[in-house]
Amino acid sequence: MLHYTGIALAAGFLLDLAIGDPRWLYHPVRLIGKLIDRLEKNIRKVFPKTPAGELAGGIFLVIGVVLVTVGVTAGILHMAYGLHAAAGFALESFMCYQMLAVRSLKDESMLVYDALTSGKESSLADGRDAVSRIVGRDTQNLDETGVTKAAVETVAENFGDGVFAPMFYMALGGPVCMYLYKAINTMDSMLGYKNERFLYFGRAAAKLDDVVNFIPARMAGILLVISAWIGPFDGKNAGRIFARDRRKHASPNSAHTEAAAAGALDIQLAGDAYYFGKLYEKPSIGDPLQAVVPDDIRRMNRLMYGAAFLSVAVLSAISFLLYR
């Protein structure tokens, strides 16, 4: 079935651009999330509430989610290809489409842009409301610059784990690897918090997410730099800030795409932010060569689209060479 993966990747990408993420279409990540939630509740009943017990429980949860995700995805694909190669290819393309977020990133971030540029008295309040749907930080006290930065940072960061990384694993091992990656990424999103509840229980999921994103995060940053050179952006500054600031984050992978984006747009991103009422001090990324304005959201989407097309071209070719 991997003979068709490169073409299925391109087809899934085009489907994502055309359809996006309609609310009526049930997303498989929701099923993965329900599996994680159910396993967490059951595993916590078995393992003792000690650091060692929670570490062990978190490892068992990761193993369970990985086995179920791989088994179900491989089984469905095997049945489809058993019926007919065309059925398998169609399913592979559709499964790829469902795990990509290019169109939804653009649509959701442009709602923030539309709100900020509406000319209404409520434009800032509407912008805060729109951006609160796509970021984890507190947004109620953000000014226009803060709302814009939050939207730009979300598109930049999610290009890494919502666009390039799924494509990367699709190219390497088809939908099975792609869905496995998204399962790991979802576990980190749900469990990878350094609070009392998840400090030990979510550690295995967080560390595994760091491992699987190590190469894709760096490749995604490089592709954003290349996209900046090709498009009407500051390619030279993108490369400079990517090299200088890509490690300015507590996570080993999170700042690579933000650094490339900040350099390409000639703006400064990141910095201190509030989460659940608590201030978290973070280093800034990029230099404030230009003021941050709402149009930077639109420009970030153009940069992201350019990098996404480059990603499809490169990864489809790699897949073809691997499985021809």
Side-chain angles (χ1 to χ4, degrees), residues 9 13 100-102 105-106 109 113 135 145-146 148-169 171-172 209-273 282-319 321:
L9 172 57
F13 173 69
L100 298 180
V102 180
L105 275 175
K106 177 199 168 192
S109 61
Y113 171 82
V135 300
T145 296
T148 301
K149 284 175 60 176
V152 170
E153 289 166 16
T154 295
V155 175
E157 184 176 353
N158 282 280
F159 170 71
D161 59 15
V163 179
F164 183 80
M167 288 184 183
F168 177 80
Y169 284 103
L172 291 186
D209 186 73
D210 286 344
V211 171
V212 299
N213 275 301
F214 188 85
I215 294 175
R218 286 147 182 80
M219 291 181 67
I222 291 169
L223 284 168
L224 283 172
V225 172
I226 296 172
S227 177
W229 276 104
I230 295 172
F233 303 100
D234 193 339
K236 183 177 180 180
N237 196 46
R240 183 178 69 87
I241 299 300
F242 173 71
R244 190 191 75 185
D245 291 353
R246 61 194 178 93
R247 296 183 181 89
K248 285 188 175 181
H249 200 283
S251 164
N253 303 317
S254 294
H256 295 269
T257 50
E258 285 188 49
L265 302 178
D266 291 328
I267 60 175
Q268 191 171 73
L269 297 174
D272 298 347
K282 299 181 179 182
S284 295
I285 295 174
D287 296 326
L289 302 179
Q290 296 184 18
V292 177
V293 294
D295 194 55
D296 287 319
I297 300 173
R298 185 179 61 82
R299 296 175 66 223
M300 181 64 232
N301 280 310
R302 290 175 64 189
L303 178 68
M304 184 264 293
Y305 262 63
F309 274 99
L310 284 172
S311 301
V312 171
V314 171
L315 293 173
S316 294
I318 290 173
S319 179
L321 291 174

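One-based numbering along the sequence shown.
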ask   = Name the one of V314, V312, I318 that satisfies side chain to side chain contact (heavy atoms under 4.5 Å, CB included) with S316?
value = V312
key: Any side-chain donor near an acceptor of the partner, R298 and N301, under 3.5 Å   = no
Minimum side-chain heavy-atom gap [X]-[Y] below 4.5 Å:
X: M300; Y: S109; value: no
X: M304; Y: V102; value: yes
X: D210; Y: S251; value: yes
X: R218; Y: N253; value: yes
X: V163; Y: N158; value: no
X: I222; Y: F242; value: yes
X: P232; Y: R299; value: no
X: T257; Y: F164; value: no

Specify the closest pair of heavy atoms between [X] and [Y], including all atoms of both residues, with the distance to one decimal.
X: A156; Y: A261; value: CB-CB, 3.8 Å
X: G286; Y: Q268; value: O-NE2, 3.0 Å
X: L303; Y: A264; value: CD2-CB, 3.8 Å
X: I267; Y: L269; value: CD1-CD2, 3.8 Å
X: S227; Y: A307; value: OG-N, 3.3 Å
X: G221; Y: A260; value: O-CB, 3.5 Å

ask   = Is the backbone N or O of V293 less than 3.5 Å from a side-chain atom of D296, with the two atoms forming a donor-acceptor pair by type?
value = yes
inquiry  = Please check: side-chain N/O of Q290 versus main-chain N/O of D266, any donor-acceptor pairing under 3.5 Å?
reply    = no
key: Of all pairs that satisfy salt bridge (charged side-chain N to carboxylate O under 4.0 Å, His left out), the ones with a partner from residues 244-257, not counting sequence neighbours   = R244-D287, D245-K248
Measure the [atom1]-[atom2] distance between [X] and [Y] for me, rounded to the nearest 0.5 Å.
X: T148; Y: D295; atom1: OG1; atom2: CG; value: 10.0 Å
X: N213; Y: S254; atom1: CG; atom2: OG; value: 8.0 Å
X: S311; Y: M167; atom1: OG; atom2: CE; value: 5.5 Å
X: I297; Y: K149; atom1: CD1; atom2: NZ; value: 13.0 Å
X: T154; Y: L105; atom1: OG1; atom2: CG; value: 8.5 Å
X: E258; Y: E153; atom1: CD; atom2: CD; value: 5.0 Å

query = Under 30°, 30 to 60°, or over 60°: which ring-plane class applies to F309 and F13, parallel, tilted or perpendicular?
reply = perpendicular
query = Hey, is CD1 on I215 packed in by over 12 heavy atoms from elsewhere, all under 6.0 Å?
reply = no
